[in-house]
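Treat the numbers as computed from the prediction; the structure is a model and nothing was measured. Any value given below was found using the heavy atoms of this structure, including those in side chains, with hydrogens, waters and symmetry copies removed. Order of the sequence lines fixes the chain letters, A, B, ..., with proteins taken first and strands second; residue numbering starts at 1 for each chain.
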Amino acid sequence: MELTSLKVIKHEKIAAKTYELVLQKPTHICPQPGQFAMVKVEGKFLKRPLSISNYTEDTVTFIYKVLGQGTKLLSESNPLDIEVMLPLGTSFNLETKHATLIAGGVGIAPMAALAKSLHENGTTVDVHLGYRTAEEVFLAEELKKYGTVTIYTEDGTAGTKGYCLPQEINSNSTIYSCGPHPMLNAVANKYPNKGWLSTEEYMACGFGICAGCVIKLKSGMKKVCQDGPVFAKEEFEC
Amino acid sequence: MELTSLKVIKHEKIAAKTYELVLQKPTHICPQPGQFAMVKVEGKFLKRPLSISNYTEDTVTFIYKVLGQGTKLLSESNPLDIEVMLPLGTSFNLETKHATLIAGGVGIAPMAALAKSLHENGTTVDVHLGYRTAEEVFLAEELKKYGTVTIYTEDGTAGTKGYCLPQEINSNSTIYSCGPHPMLNAVANKYPNKGWLSTEEYMACGFGICAGCVIKLKSGMKKVCQDGPVFAKEEFEC
Amino acid sequence: MLMNEKLQLIEENLHRLNVKLGDIELPNPVMPASGCCAFGHELNNFYPINKLGAIMIKSTTDVARDGNPNHRIYETSNGMLNSIGLQNPGVDVVIDEHITWLDSIGANTIVNLAGSDTESYVNVARELEARAKDKVTAIELNVSCPNVKHGGIQFGSDPQTLKNLVNEITKVTTIPVFVKLSPNVTSIKEMAMAVDETDAYGITMINTLVGMAIDYRTGKPIIANKIAGYSGPAIKPVALKQIYEVRQVTNKPIIGMGGIESATDIIEFLSVGSDAIAIGTANFNNPTICIDVLVDLLAIMDEMGIDHIDEFKGRAHV
Amino acid sequence: MLMNEKLQLIEENLHRLNVKLGDIELPNPVMPASGCCAFGHELNNFYPINKLGAIMIKSTTDVARDGNPNHRIYETSNGMLNSIGLQNPGVDVVIDEHITWLDSIGANTIVNLAGSDTESYVNVARELEARAKDKVTAIELNVSCPNVKHGGIQFGSDPQTLKNLVNEITKVTTIPVFVKLSPNVTSIKEMAMAVDETDAYGITMINTLVGMAIDYRTGKPIIANKIAGYSGPAIKPVALKQIYEVRQVTNKPIIGMGGIESATDIIEFLSVGSDAIAIGTANFNNPTICIDVLVDLLAIMDEMGIDHIDEFKGRAHV
Ligand SMILES: Cc1cc2nc3c(=O)[nH]c(=O)nc-3n(C[C@H](O)[C@H](O)[C@H](O)COP(=O)(O)OP(=O)(O)OC[C@H]3O[C@@H](n4cnc5c(N)ncnc54)[C@H](O)[C@@H]3O)c2cc1C
Ligand SMILES: Cc1cc2nc3c(=O)[nH]c(=O)nc-3n(C[C@H](O)[C@H](O)[C@H](O)COP(=O)(O)OP(=O)(O)OC[C@H]3O[C@@H](n4cnc5c(N)ncnc54)[C@H](O)[C@@H]3O)c2cc1C
Ligand SMILES: Cc1cc2nc3c(=O)[nH]c(=O)nc-3n(C[C@H](O)[C@H](O)[C@H](O)COP(=O)(O)O)c2cc1C
Ligand SMILES: Cc1cc2nc3c(=O)[nH]c(=O)nc-3n(C[C@H](O)[C@H](O)[C@H](O)COP(=O)(O)O)c2cc1C
Ligand code: FES
Ligand code: FES
């Protein structure tokens, strides 16, 4: 975990309201799938938490959607360097033979590194991706390299119409999910499988000192930035 | 008087801690010698008042010294456009046969347009310029085009050593002075001549609505941004 | 967008922007705050100020005041400090030179009234009642100006003192009186409840917080008066919280202010309970801010499918 | 500059930075503020926290608290709102897991003490006295945490209530007690005078202002608790003003805080009367801020020809 200024290699729009940001990173910084970074946006007081979507030996990739003022500012700017704190938080546990990835909206971002790593471990990967509409689709093509990919859109403009909740799941498959709170709760309670869910909360520090990101889970009050963002599925079951 | 965003044509260092900023201006904006502008510095809440040092049909030139945070930020940035409000305040009265210009530090900036205009009116111009030290000298060469130029430096590294206060002045010469308050008071009381002095005060708005820049002069409380910055010399005499 | 295009757009949408403060009707909810627009002449060079909801002119006292020595203002991170010290030409000149002019151009004028003792306040109110009552939309009672030595602050910081002052004023004038609350109190609710028990017509809030700036080199205060009023975006969260609380204890009209810079700020102020809003410091950085935010407001209303700004009012309380 | 180079530079200049708060000696004037450094474990991953002047740990209550629901924090222009709600594991766990560890690594620990009634405060003080008095440098009495429903604020907003609480605490412990003043009062001087009449060892100030943030789309408060503490650079002018005033009425040590982000900020806080300073919110944006500002401070002292930070103290008052 360190605060550092990284060179921008690429910063471009990849889908409606969706941008890819690639930074050059020193090799000693080694993120794991599911971890995130606090990203500085010039003109904004607090950094923005963004999942590490993917990484190589010397790059780290973020995919963000323009939601409010900060992401809008970032999307309109072309900085040469960006201050980031990373890698932060817990990562996905990769030990499984069969993996079912269920992600919605910007929750799809961290699926890239996750699917790749699982695939490299020889795990069978089924990916289910939910978008609002066709023009917001991203990462779907790339993920086909690592397993089957099923697309859902709320308005039916691409793939299956409706929310991203597969009818049934191979009973010994491990679920990996990231997305809005309602989706995570649905996933947690619809399927009996064990699994790992990545969640969101507003953050000030991103590394455990402010207690701003705390949410109530089954086992108690947890810091999303430090105890999470990846938690065991049971934590969300009711 | 208008608030507008102007293209930066030139922005470079011309002397120690001293920068020249040239902006492209629409021809309908016609400043007069002695007027100033409120200049936006990205990252700072209030605009900075800067004298209009010189202007042509379609350019306006500022010369500023790095004093605090705002001018430092400005000097380190390379904006394509800068938001400015201009032209503001009163200008120098040019009606005289003989003019003696006495300016110190950044107060020298507005002497460029002033000397030029006086010269064009056929006025005889003697210029006295005070600097802290040799490496801070600016505009001296250019001003020689319009009249005699005498340089003073506090440390004697250039021209006459000491403050910029000529021994004697042609009794029917009009004094034009701009510089720090102590200098203006000295000028106001050392010479019997009539004249015009340009002064400074902290400003919030620059166009008369905040009353932040008010100073006490002989005739009462005056807004430097609106009643000034150029005032009749008597106003400063005690 | 050119100014006359902006003005026309606003003109065409006044039925979506008009405000009723009790019986007082304003064409739109936006007005420049006292001390941030002098007496209107300067802003009128940028746009016709009779298009504003109203204009709140500089604090007026019974006799002329020079105000404080300089430095009077200083910048902070996202705000500013000021200690002007109620400089004004006195109520007679204000009436003859300014209120008369404002009336002649058809501006809705709210006269900010200040003093250092009850009598000096009452003198101004009497004068306005006698010589300008048909030219003035309302009086704004500045009981909180924090930057005048030995004055201002105490009126607004004790409920009983505040009540007494308001009663003395409403006794001598038929002009609607808005009381401008100071945010620098332990309980803003107490103050609002005190005002609620008077014949005051409404409340305006907030006045400036109180702050200080130091030159780290010398270690000395930068503002001549040492202590100064703090305004601008930095005080917005405090203003929203206090208006939210005051709306819980009174039904009187509230004109909200404190750091407003944008149309979304205006919507936030309406949401916590303001009926109209004032813009102060933001005029310094943009002389046409009061018109610009109305144009932006209409765009957001279209996008959100809002017919009238009243739909924004009080949403934080339901 | 690498961290170990920074630490060495500071080490070599401790004779220019050391602070005496009465009998309490600290190696330097900088400490992270309560609630902005948890219990120190995280910052200790960035630098050895025993190099700090001290560390002010999260508010501790007699029994564990879950704190408030989310959202708990939100950004403002140049500051932030928080309503954490005193989440903490309770004094026993704080002693066993945190204070013991802090003592073992040689950190100067200031325990921030909170409660909702006098008894709950006293319980924590008793516990600390009984089990940790040798491991604790001082107690910081949080009488002002503005973001806990039905609690906190009233203790710090009435002089007599405040005095009574402080007396109850100092009765049961020999640990030096610093009272943390709330800025949200009509007269900060009154509160300081009340503390001055007690056996409190010193004062820390300021706690957060109180503010609110609204989602303009829904019109609803963003923070679950609706009202929240306001911190960061935006509150600096208020902090400077209040410390300036408090220094006029007490000679007790003052640990100043409120928006400090830089070495020049520190010099300003010393100038108005602080003896040491704390940094809160700025830790979130830069985990090594407490070390970085010390390095910058030394550079400025060299440039200004200042031998010891004491030379900065109280310059605003002379
Ligand atoms: C661990 C984690 C990983 C994330 N990964 C991604 C990602 O890969 N791609 C992506 O597009 N988004 C991601 N998000 C959400 C992203 O942080 C928000 O969309 C972003 O902070 C919004 O900032 P804004 O300034 O545009 O919105 P504003 O509403 O203007 O932000 C105001 C404040 O609220 C906070 N905020 C607002 N919405 C959220 C939110 N949903 N989650 C957390 N903070 C919020 C902001 O950080 C800021 O502090 C992630 C969030 C978390 C906690
Ligand atoms: C009418 C007028 C014309 C000027 N012309 C020039 C010029 O041509 N060239 C030039 O270099 N300088 C000029 N100045 C001075 C210039 O405005 C200040 O040097 C500048 O504002 C300093 O800003 P800063 O952020 O670097 O300093 P900071 O100290 O960081 O500024 C903090 C605040 O104080 C104000 N301030 C600080 N010093 C001054 C000052 N001396 N005068 C006014 N405001 C100040 C700033 O505007 C800002 O609001 C002029 C000032 C006035 C009033
Ligand atoms: C320079 C300046 C002068 C002010 N003068 C007055 C005044 O004379 N009377 C008054 O009631 N308020 C005065 N105010 C306070 C404003 O009217 C307003 O209440 C406050 O600034 C908060 O709004 P803002 O943040 O939009 O500026 C003044 C504010 C500023 C910045
Ligand atoms: C997230 C957060 C949590 C805080 N928690 C506490 C607390 O538990 N107890 C306390 O006395 N002050 C608490 N504070 C207040 C700080 O200690 C400090 O007094 C205030 O934030 C001003 O300093 P700053 O502007 O440097 O943050 C908290 C502040 C923040 C931002
Ligand atoms: S964001 Fe600060 S503790 Fe999680
Ligand atoms: S700077 Fe506002 S009146 Fe002069």
Requested in this report: Find the one option among C:Val185, C:Ile267, C:Leu81, C:Ile306 whose heavy-atom pairs under 4.5 Å with chain D are most numerous.
Outcome: C:Val185
**Report entry** Test log, rule side-chain contact (heavy atoms from CB on, under 4.5 Å), inputs D:Ile309 and D:Ile266
**Finding:** CA-CA 10 Å; D:Ile309 53 165; D:Ile266 293 175; over 6 Å; no
Roughly how far apart are [X] [atom1] and [Y] [atom2], rounded to 0.5 Å?
X        : Y        : atom1 : atom2 : value
D:Ile254 : D:Met205 : CD1   : CE    : 6.5 Å
C:Ile206 : C:Met257 : CD1   : CE    : 9.0 Å
D:Ile73  : D:Ile84  : CD1   : CD1   : 7.5 Å
D:Ile188 : D:Ile203 : CD1   : CD1   : 8.0 Å

Part of [X] lying under 4.5 Å from any heavy atom of chain D:
X        : result
C:Ile300 : side chain
C:Leu240 : both
C:Val272 : side chain

Under 3.5 Å, which donor-acceptor pairs link chain C and chain D? Put them in a table for me, please.
| residue | atom | partner | partner atom | Å |
| --- | --- | --- | --- | --- |
| C:Thr186 | N | D:Thr186 | OG1 | 2.9 |
| C:Thr186 | OG1 | D:Thr186 | N | 2.9 |
| C:Thr186 | OG1 | D:Thr186 | OG1 | 3.2 |
| C:Met212 | N | D:Pro237 | O | 3.0 |
| C:Tyr216 | O | D:Arg315 | NH2 | 2.7 |
| C:Arg217 | O | D:Arg315 | NH1 | 2.7 |
| C:Gly219 | O | D:Ala316 | N | 3.2 |
| C:Lys220 | NZ | D:Arg315 | O | 2.7 |
| C:Tyr230 | OH | D:Ala234 | O | 2.5 |
| C:Ala234 | O | D:Tyr230 | OH | 2.6 |
| C:Pro237 | O | D:Met212 | N | 3.0 |
| C:Arg315 | O | D:Lys220 | NZ | 2.7 |
| C:Arg315 | NH1 | D:Arg217 | O | 2.7 |
| C:Arg315 | NH2 | D:Tyr216 | O | 2.7 |
| C:Ala316 | N | D:Gly219 | O | 3.2 |

Report task. Identify which of D:Pro183, D:Gly314, D:Gly211, D:Pro237 forms the greatest number of heavy-atom pairs closer than 4.5 Å to chain C. Result -> D:Pro237
**Report entry** Part of D:Ile214 within contact of chain C (heavy atom distance under 4.5 Å)
**Finding:** both
Query raised in the report: Can you list the steps and then say if C:Val210 with D:Val238 is a side-chain contact (heavy atoms from CB on, under 4.5 Å)?
Result: CA-CA 6 Å; C:Val210 192; D:Val238 177; over 6 Å; no
Query raised in the report: Side-chain contact, heavy-atom cut-off 4.5 Å: C:Leu294 with C:Leu298?
Result: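 Sidechains of C:Leu298 and C:Leu294: no contact.
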**Report entry** Side chain to side chain, C:Pro159 and C:Met191, heavy atoms closer than 4.5 Å
**Finding:** yes
Report task. Quick one: list whatever passes side chain to side chain contact (heavy atoms under 4.5 Å, CB included) with D:Ala276, sequence neighbours left out. Result -> D:Val19, D:Leu21, D:Pro29, D:Met31, D:Ile255
